[in-house]
Amino acid sequence: MRPPMWLVANAGALVIRALGATWRIRIEQSEHLERARALHPRVIFVLWHGRLLPLSFTHRNRKVHMLASEHADGEMIGQTIRRLGFGHVRGSSTRGGTRALLELVETLRAGFDIGITVDGPRGPRGVVKAGVVEVARQTGAAIVPITSASSRRRVLASWDAFELPAPFARVVVRYGEPVIVEGGADRERVEAGRLEVERVLTRITGEADRSARGAEADKA
């Protein structure tokens, strides 16, 4: 018999806090976040699904509202991150998408940041879904790519190559330059924005990987 979801979520949040307390965390290029906030008081954090775990620790208790899908795995993630001080918006680009988009827009207008795993909930890995660009177009909020990398980690054999940093690993959190989508953007400009988000996320993830592993090599 499967344990109740609340119990698994409580245990998951406890493990993340305990594991994260051992990491040596370095934040890189935070000036991009400062620039985004100068453009609009609220931001849209975008990240790859497989790099979620370290960010759930580094950005806990900031009242960021995360989009998590309505299927069982998404609900489990949502309940876990709620225990880490995140808000939870249910839905995705493939299920509950329209309602979720409206709720994300309203969440930004209510004065909260939001976070979206832009290749979730089921992939393909490394491909940005268009919904985040539409949210930016409707609200004027800047899209801020963010990623994580670790010097030592386990990579799961899942569609997203989910990364589990090892205890005491060097963890790098890296921001990318904000992407702005004008309110009057047509379909072609929206697609250009989607591709730009994808390009920046891909680039900064590679940079974060090199930074985390380079720091470990220097230590050795």
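Just so it is clear, the values below take in all heavy atoms, side chains as well, and ignore hydrogens, waters and symmetry mates.
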Would you give the length of the straight line joining atom CZ of R125 to atom CG of D160, rounded to the nearest 0.5 angstrom? 8.0 Å
R35 vs E177, test: side-chain contact (heavy atoms from CB on, under 4.5 Å). Steps then yes/no. CA-CA 8 Å; R35 178 186 163 205; E177 54 270 26; 4.3 Å; yes
With the 4.5 Å side-chain cut-off for hydrophobic clustering, are V15 and F86 part of the same group? no
Do R17 and L84 make a side-chain contact, defined as non-hydrogen atoms from C-beta onward lying under 4.5 Å apart? yes
Can you give me the closest heavy-atom contact between N61 and G85, atom names plus distance? OD1-CA, 3.6 Å
Does a donor on one side chain and an acceptor on the other come within less than 3.5 Å for T139 and R42? no
Dump the intermediate steps for side-chain contact (heavy atoms from CB on, under 4.5 Å) on L108 and H40, then the final yes or no. CA-CA 10 Å; L108 283 163; H40 192 281; 5.8 Å; no
Distance (rounded to the nearest 0.5 Å) between T107 OG1 and F112 CZ: 8.0 Å
Please examine the side chains of I114 and V89, heavy atoms only from C-beta on, and report whether any two atoms are closer than 4.5 Å. no
Should V127 and E198 count as side-chain neighbours, where that means a heavy-atom distance under 4.5 Å? yes
Does one hydrophobic cluster hold both L14 and M76, with members joined at side-chain heavy-atom distances below 4.5 Å? no
From CG (L52) to CZ (F57), nearest 0.5 Å: 14.0 Å
Between H88 and A68 the two heavy atoms that sit nearest each other are NE2-CB, 3.4 Å
Do S56 and M66 come within less than 4.5 Å of each other through their side chains, counting heavy atoms only? no
Check A212 against S151 and note the closest heavy-atom contact, atom names and distance. O-CB, 3.6 Å
Any chance CZ of R189 has more than 12 other-residue heavy atoms, nucleotides or ligands included, within less than 6.0 Å? no
Just wondering, more than 12 heavy atoms not from E191 lying within 6.0 Å of its CD? yes
Between R37 and E34, does any NZ, NE, NH1 or NH2 come within less than 4.0 Å of an OD or OE carboxylate oxygen? no
Using a 4.5 Å cut-off on heavy atoms from C-beta on, say whether the side chain of D119 contacts that of P124. no
About how many Å separate CG of L53 and OG of S148, when rounded to the nearest 0.5 Å? 8.0 Å
Would you indicate whether E188, at its atom CD, is surrounded by more than 12 heavy atoms from other residues, nucleotides or ligands within a distance under 6.0 Å? no
Once you round to the nearest 0.5 Å, how far does CZ of R170 lie from CD1 of I25? 10.0 Å
L156 reachable from V171 in the ILVMFWY side-chain graph, under 4.5 Å edges: yes
Pair up each side-chain donor or acceptor in residues 4-11 with any protein partner under 3.5 Å, not counting sequence neighbours, and list the distances.
{"residue": "N10", "atom": "OD1", "partner": "R83", "partner atom": "NE", "Å": "2.4"}
{"residue": "N10", "atom": "ND2", "partner": "W6", "partner atom": "O", "Å": "3.4"}

Are I146 and I180 linked, directly or through intermediate hydrophobic residues, by side-chain heavy-atom contacts shorter than 4.5 Å (ILVMFWY only)? no
Residue pair I143 / V200, side-chain heavy-atom distance below 4.5 Å: no
Between CZ on residue R194 and NZ on residue K129, distance to nearest 0.5 Å: 10.5 Å
I'd like to check T117 versus W48 (side-chain heavy atoms, cut-off strictly below 4.5 Å). Are they in contact? no
Scanning both residues in full, the closest heavy-atom pair of A36 with V43 reads CB-CG1, 3.9 Å
Indicate the ring-plane relationship of H49 and W159, choosing parallel, tilted or perpendicular according to the 30° and 60° boundaries. tilted
Listing request: all salt bridge (charged side-chain N to carboxylate O under 4.0 Å, His left out) pairs with a residue in residues 49-61, at least two apart in sequence or in separate chains. R51-E163, R51-D209
Do F168 and R152 have side chains that approach each other closer than 4.5 Å (heavy atoms only, starting at C-beta)? yes
Closest heavy-atom pair and its distance - G176, I204: N-CD1, 3.7 Å
Hey, any chance L55 and I27 share a hydrophobic cluster, counting ILVMFWY side chains that come within less than 4.5 Å of each other, even indirectly? yes
Can you give me the closest heavy-atom contact between S211 and V172, atom names plus distance? OG-CG2, 3.9 Å
